J.: 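Attaching a single structure in C-alpha cells format; questions to follow.
In the text below, chain A, chain B and the rest are named by the order of the sequence lines, each starting its count at 1. Computed from a predicted structure; not experimentally measured.
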Amino acid sequence: MYRSHTCGELRTENIGNKVTLAGWVQKSRDLGGMTFMDLRDRYGITQLAFNEDENAALTAQARKCGREFVIQVEGEVIERSSKNTNIPTGEIEIKVTSLNVLNGSKTPPFTIEDNTDGGEELRLQYRYLDLRRNPVQEKLRLRNRVSLETRKYLDSQDFLDVETPVLIKSTPEGARDFVVPSRMNEGQFYALPQSPQTFKQLLMVSGFDRYYQIVKCFRDEDLRADRQPEFTQIDCEMAFVEQEDILNMFEGMIQHLFREVRGVELDAKFPRMTYAEAMERYGSDKPDIRFEMEFVYLNEVAKGKGFSIFDNAETVIGINAQDCSEYTRKQLDELTDWVKRPQIGALGMVYVKCNADGTFKSSVDKFYSQEDLAEWAKAANAKAGDLILVLSGDLEKVRKQMNELRLHMGNELGLRNPNVFKPLWVVDFPLLEWDEDSQRYHAMHHPFTSPKPEDFELIDTDPGKVRANAYDLAMNGVELGGGSIRIHDRALQSRMFDLLGFTKEEAQAQFGFLMSAFEYGAPPHGGLAFGLDRLVATMGGSESIRDYIAFPKNNSGRDVMIDAPSPLNDEQMAELGIKLR
RNA sequence: GGUUUGGUAGUUCAGUUGGUUAGAAUAUCGCCCUGUCACGGCGAGGGUCGCGGGUUCGAGUCCCGUCCAGACCGCCA
C-alpha cells in the first residue's frame, strides 16, 4: 500500500495518527535547521516537516528533493505551531520519520502552481504537467460533474444511451468532414460524424423513443476559442413529441445541471424569443440578455435632416450606454476605430452625449438641433448622463455590427458577469438561408428539419420566408445547443432535398437509407444537442473551452504535445492506395 | 483565404531616436538561516534577441521575405 491517506484529508482530529502519504513535491522551504515541504496530490496539499536536530540524515535527504519529485513518506500527524488558515490541511503537518523517493523529476518548464508563469503554448506542449495544476483539474472536475448529472437526469427520464458509429459516410452538406481512408476498400473513405444526426433518427424509427449519447463529433473547420475540431455533444432525440415537449424536457435538464453542479437556481421558466425578434432587438441569434442596451431604430428621427449618410442608409440603429456621457473624445475615437476594424466593418460611428445639464452633444451637431437630439434620446429612452451610439447602413450588416458593439460595451461596462446565467430559447428559425457563393438555399439547421406547417405554402413562392420547427438555447451570448422537430415523411424529406438542390440520385445515394426508413412507419420525432464543452465552460464562467478539455488542439488544429497530425510513411500510403499530389 | 498582435535568459516580460558589456522578476544552483507557507539574506550560472536576407560605420531596434503562436473575420448544415 503506497498511502494511508491522501494529501487533502488530514485534519486536527488525525493528530497522533501514523500515516503514509505519497505525492509530488510542490515546493520546499529550507529554513536552515528545519525544512518544510508541500506534498501535493489531486486532493490537496499537506505540509511535511523535517527537523535537523531530530533527524539530520532525513532532513538532508529532504533537501535534495526538487520540485515535482514523486515521494512517499511515513510519519506522524502533529499540530502546527503556526497554522495556515488558507488551506484545509493548514492546522496540521506530518513529522516525517522516513522518506522514499519513488521517482525524481527534471525541473519543470513552468511552475506547477495555481498562478503559473507558463504561457499557453508551453502549457499545451507539456499538457500533462499543466494538468497537475489545481485550476485546470478543477475545470475537469466540473466537466465530470456536468456529464454525470446529465446522465442521471436523462436516465431518470427513461432516456437510453446508445452508441452510434464513428466511421460513417461523407456528405457535402454542412461543415467539412474529417475523412479516413479505407484500406480494404481502396480509393474509398469513411467520414467522421459531424453529429450522429441520421443515426439517432433511425433509432426513433426503431422505437427507442428517448435516446441520448454524450458523444464526440468532428468538424474540419477553423478553430476559435470556443471551437475545437473534435468536440463533445450531449445528443438527444425523442419520438412522439412536439417542440413544446422538447423545450420543457431540456429546460428541466439545464435547470437540474445548474442546481446540482453550481447550486444556481435558473429561471423557473426560460424566456423565449423568436429568431426574428432576437435579430431585431439584439442583432444576434444568441443574444446575451444579462444586460439591456437593446437596439433602438432611429430612422424616424434621424432621417430627412440633411445628413446624407443617414438619409441614404437602409437603417439607423442606436444603443443607449447608460451613464456614459462623460466618455472622453479619446474613448469615443477608440470606439470608432474599434467598429471600423475590418472584423467589424462599420464605416463610422455617431455618438450623442446626453449631458447632465440636459443639453446634447453629438458628432453630428451640424445636422441636428438640440430638439432633434432630444427626439433621439426619447426614442432611445436615454436620460441625462447617458450616451447613445449610432451605426447606419445595410440592415443586416448594421445589426451584426451593432451586436458586436453592444457586446463590447457590455464588457467595457462590466455588465457581463460570468456568475450570472441568463438562458433564452430562440425559436422559429428560418428553414433556409440564401447562400451567395453557391447561389442557392442551404438548410439553416440541417436538411432534416421540418418546416412550420402554416408557412409551408411559401415554400415555392418565397422559400426564404419559411420558418422551421427549430430552436436554440442561448445563454450569456453563447449558443449552448439547438435542435428541431424532424421530418418523418418520405415525400416531404424528398421535397426538402429538391429544394436544397440535390438531384434525386444524389439524395438517394447520400440519404436513401433514411428515406427508406421513413417508409416503414417512422414516428414523429425531434431532438436537440448541447455542446458539452461550451456548456461546461459557460458554467465555469469562461469563454474559452480549451481548459475544459484535457488534451485540446491549438489554433491551427494541432496537438502540440503529441505533434499531430503527421505524415504517413510510404508503406502506409501504399497500403492505403494513396498518393500525394 | 484575410485582418491584427506577438516571438529577447528555463519561464513571464522590459529594452527610449539605430550607438558602452542586452536588463528585471521568477525559476535553477551554491552559501547562511529552527516555524515557513509568495519564507528571508548573500552570491552565481543562464541569451543563435524565431529564421533568412537587406540598409547602415553600427541593427534586439529600420526594410523585405519566411516560420511559429494568439485573437478575430471568412468558414462552422
Side-chain angles (χ1 to χ4, degrees), chain A residues 26-39 45-54 59 63-64 66-68 78-87 89-91 93 106-126 129 171-177 194-195 197-198 217-229 231 337-338 340-345 400-401 404 408 429-433 435-438 440-449 468 470 479 482 484 496 500-502 531 543-544 546 554-556 558 560:
Chain A
Q26 169 92 8
K27 182 183 260 188
S28 57
R29 292 173 292 278
D30 179 1
L31 272 62
M34 228 168 173
T35 290
F36 295 104
M37 192 179 273
D38 290 336
L39 190 67
I45 283 177
T46 297
Q47 177 166 285
L48 310 178
F50 300 86
N51 193 321
E52 199 166 47
D53 283 350
E54 293 174 23
T59 307
R63 285 200 185 111
K64 286 197 204 113
R67 284 171 187 262
E68 301 308 311
I78 60 170
E79 186 170 11
R80 291 201 199 183
S81 59
S82 68
K83 297 184 169 50
N84 181 353
T85 51
N86 296 322
I87 58 171
T89 62
E91 293 189 62
E93 66 193 5
K106 300 209 301 194
T107 302
F110 51 89
T111 57
I112 315 289
E113 288 166 359
D114 287 6
N115 291 310
T116 180
D117 62 4
E120 180 93 357
E121 193 183 349
L122 200 64
R123 288 171 46 213
L124 280 184
Q125 192 186 336
Y126 295 93
L129 296 180
T171 58
E173 280 278 314
R176 294 183 185 89
D177 285 319
Q194 300 178 25
S195 96
Q197 183 60 34
T198 49
C217 301
F218 305 87
R219 292 178 190 176
D220 185 10
E221 297 292 347
D222 285 8
L223 293 84
R224 291 285 188 281
D226 65 347
R227 264 168 35 191
Q228 286 272 309
F231 59 101
D337 288 344
W338 190 85
K340 284 165 84 173
R341 290 182 316 144
Q343 281 85 346
I344 307 295
K400 211 171 158 185
Q401 292 161 0
E404 298 291 342
H408 180 70
F429 273 76
L431 182 69
L432 302 166
E433 198 172 26
D435 183 57
E436 283 296 332
D437 290 341
S438 56
R440 61 183 183 89
Y441 282 102
H442 277 189
M444 192 153 183
H445 186 49
H446 57 49
F448 318 108
T449 299
E479 180 195 328
S484 62
M496 268 304 288
L500 294 170
F502 285 72
E543 294 193 9
S544 168
R546 284 199 194 158
N554 80 357
N555 223 19
S556 321
R558 297 199 68 84
V560 292

J.: Looking at B:G35, B:A77, B:A27, which one has an atom nearest to any side-chain atom of A:M34?
T.: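 When the side chain of A:M34 is considered, B:G35 is the closest of B:G35, B:A77, B:A27.
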
J.: Base, sugar-phosphate, or nothing: which does A:A49 touch, judged by heavy atoms less than 4.0 Å apart?
T.: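 Here A:A49 touches no strand at all.
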
J.: Which base, if any, makes a Watson-Crick or G-U wobble pair with B:A69, both distances under 3.5 Å?
T.: B:U5

J.: Would you say the base of B:G70 and the side-chain of A:N554 have a donor-acceptor pair closer than 3.5 Å?
T.: no

J.: Could you check how far CG of A:D435 sits from C1' of B:C75, rounded to whole Å?
T.: 11 Å

J.: Would you classify A:P342 as touching base, sugar-phosphate or nothing, given that sugar-phosphate means primed atoms plus P, OP1 and OP2, and contacts are heavy atoms under 4.0 Å?
T.: sugar-phosphate

J.: When the P atoms of B:A77 and B:C39 are compared, how many Å lie between them, rounded to an integer?
T.: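 To the nearest whole Å, 49 Å.
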
J.: Just to confirm, is there a sub-4.0 Å distance from OP1 or OP2 of B:U26 to any side-chain nitrogen or oxygen of A:K27?
T.: no

J.: Quantified in whole Å, what is the C1' atom distance between nucleotide B:C42 and nucleotide B:U5?
T.: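 Taking atom C1' in both B:C42 and B:U5, they lie 41 Å apart.
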
J.: Starting from C1' on B:U5, measure out to CZ on A:R341 and report it in whole angstrom.
T.: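 The distance from CZ of A:R341 to C1' of B:U5 comes to 11 Å, rounded to the nearest Å.
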
J.: Can you tell me if A:N555 touches the phosphate of B:A71, counting only side-chain N or O atoms and a distance under 4.0 Å to OP1 or OP2?
T.: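 A:N555 to B:A71 OP1/OP2: side-chain N or O found under 4.0 Å.
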
J.: Is there a Watson-Crick or G-U wobble partner for B:C39 with both distances under 3.5 Å, and which nucleotide is it?
T.: none

J.: Tell me whether the OP1 or OP2 atom of B:U36 has a side-chain N or O from A:R80 closer than 4.0 Å.
T.: no

J.: What contact category does A:E93 fall into here, base, sugar-phosphate, or nothing, at under 4.0 angstrom with non-hydrogen atoms?
T.: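 Base, at least one base heavy atom under 4.0 Å.
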
J.: Looking across every strand, which nucleic acid part, if any, lies under 4.0 Å from A:R546 by heavy atom: base, sugar-phosphate, or nothing?
T.: sugar-phosphate

J.: Taking only the side-chain nitrogens and oxygens of A:R67, find out if one of them lies under 4.0 Å from OP1 or OP2 of B:U28.
T.: yes

J.: For B:G50 versus B:U12, give the span between their P atoms, rounded off to a whole number of Å.
T.: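 My reading of the P atoms in B:G50 and B:U12 gives 14 Å.
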
J.: Any donor and acceptor pair, going by atom type alone, linking the side chain of A:T111 with main-chain N or O of A:E113 inside 3.5 Å?
T.: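 Answer holds: no.
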
J.: Counting only N and O atoms by type, is there a donor-acceptor contact under 3.5 Å from the side chain of A:T35 to the main-chain atoms of A:F50?
T.: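 Checked: no pair found.
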
J.: Kindly say whether A:T171 contributes a backbone atom to a donor-acceptor pair with the side chain of A:D177 at under 3.5 angstrom?
T.: yes

J.: Using heavy-atom distances to pick each residue's nearest nucleotide on RNA chain B, tell me which of A:I78 and A:H445 is more 5'.
T.: A:I78

J.: Can you find a donor-acceptor pair, distance only, under 3.5 Å between A:R227 side chain and B:C76 base?
T.: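 Check passes, donor-acceptor contact within cut-off.
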
J.: Mind checking the P distance from B:U66 to B:U4? Whole angstroms is fine.
T.: 15 Å

J.: Can a salt bridge be assigned to the pair A:R80 and A:E91 using a cut-off of 4.0 Å between side-chain N and carboxylate O?
T.: no

J.: Please name the nucleotide paired to B:G19 by Watson-Crick or G-U wobble geometry with both distances under 3.5 Å, or report none.
T.: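 B:C57 - that is the nucleotide pairing with B:G19, both distances being under 3.5 Å.
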
J.: Taking atom P of B:G41 as reference, at what distance in whole Å does atom CZ of A:R29 sit?
T.: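 It is 16 Å, rounded to the nearest whole Å.
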
J.: Please report the distance separating the C1' of B:G19 from the corresponding atom of B:G60, rounded so that it comes out in whole Å.
T.: 13 Å

J.: Just how far, in rounded Å, is P of B:A71 from CG of A:L223?
T.: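 Whole-Å distance recorded here is 9 Å.
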
J.: Report which part of the nucleic acid A:N115 touches: base, sugar-phosphate, or nothing (heavy-atom distance under 4.0 Å, all strands).
T.: nothing

J.: Rounding to an integer number of Å, can you tell me how far A:L48 CG sits from B:C37 P?
T.: 17 Å

J.: What integer distance in Å separates A:F110:CZ from B:U28:P?
T.: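 Rounding to the nearest Å, CZ of A:F110 and P of B:U28 are 14 Å apart.
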
J.: Tell me whether A:E93 contacts the main-chain N or O of A:E79 through its side chain, where contact means a donor paired with an acceptor under 3.5 Å.
T.: no

J.: Nearest whole Å is fine: how far is B:U11 P from A:R123 CZ?
T.: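 Distance, rounded to whole Å: 15 Å.
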
J.: Answer yes or no: is there an ion pair linking A:R63 with A:E52, defined by an N-O contact shorter than 4.0 Å?
T.: yes

J.: With the side chain of A:D222 defined as its heavy atoms from C-beta on, choose the nearest nucleotide among B:C68, B:G1, B:G35.
T.: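 In terms of side-chain proximity for A:D222, the closest of B:C68, B:G1, B:G35 is B:G1.
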
J.: What distance, rounded to whole Å, do you find between the two C1' atoms, one in B:G70 and one in B:C64?
T.: 24 Å

J.: Can you find an N or O donor on one side and an acceptor on the other, under 3.5 Å apart, linking the side chain of A:Q343 with the base of B:C73?
T.: no

J.: Pairing check on B:G10: which nucleotide meets the Watson-Crick or G-U wobble criteria with it, both distances under 3.5 Å?
T.: B:U26

J.: Can you say whether the rings of A:H408 and A:W338 are parallel (under 30°), tilted (30 to 60°) or perpendicular (over 60°)?
T.: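 Because their plane-to-plane angle is under 30°, the rings of A:H408 and A:W338 count as parallel.
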
J.: Using a 4.0 Å heavy-atom cut-off, does A:K340 contact any base of the nucleic acid, only the sugar-phosphate backbone, or nothing at all?
T.: nothing

J.: Under 3.5 Å, is there any donor-acceptor pair linking the side chain of A:E221 to the base of B:G74?
T.: no

J.: What contact category does A:S81 fall into here, base, sugar-phosphate, or nothing, at under 4.0 angstrom with non-hydrogen atoms?
T.: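 Result for A:S81 = base.
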
J.: So what does A:L122 hit on the nucleic acid, given a heavy-atom distance under 4.0 Å: a base, only sugar-phosphate, or nothing?
T.: sugar-phosphate

J.: Taking A:R440 for the side chain and A:L500 for the main chain, is one N or O donor matched with an acceptor at less than 3.5 Å?
T.: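 Here the side-chain-to-backbone pair exists.
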
J.: Can you work out whether A:I344 or A:R558 has the more 5'-proximal nearest nucleotide on RNA chain B?
T.: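 By nearest-heavy-atom nucleotide position, the 5'-most residue is A:R558.
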
J.: Report yes if a donor N or O on one partner sits less than 3.5 Å from an acceptor N or O on the other, where the partners are the side chain of A:R224 and the base of B:G74; otherwise report no.
T.: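 Looking at the base of B:G74, it does pair with a donor or acceptor on the side chain of A:R224 (distance under 3.5 Å).
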
J.: In whole angstrom, what separates A:D30's CG from B:G30's P?
T.: 10 Å

J.: Sticking with atom C1', work out how far B:U55 lies from B:G65, rounded to a whole angstrom.
T.: 15 Å

J.: Are any of A:S556's side-chain N or O atoms less than 4.0 Å away from OP1 or OP2 of B:A69?
T.: yes

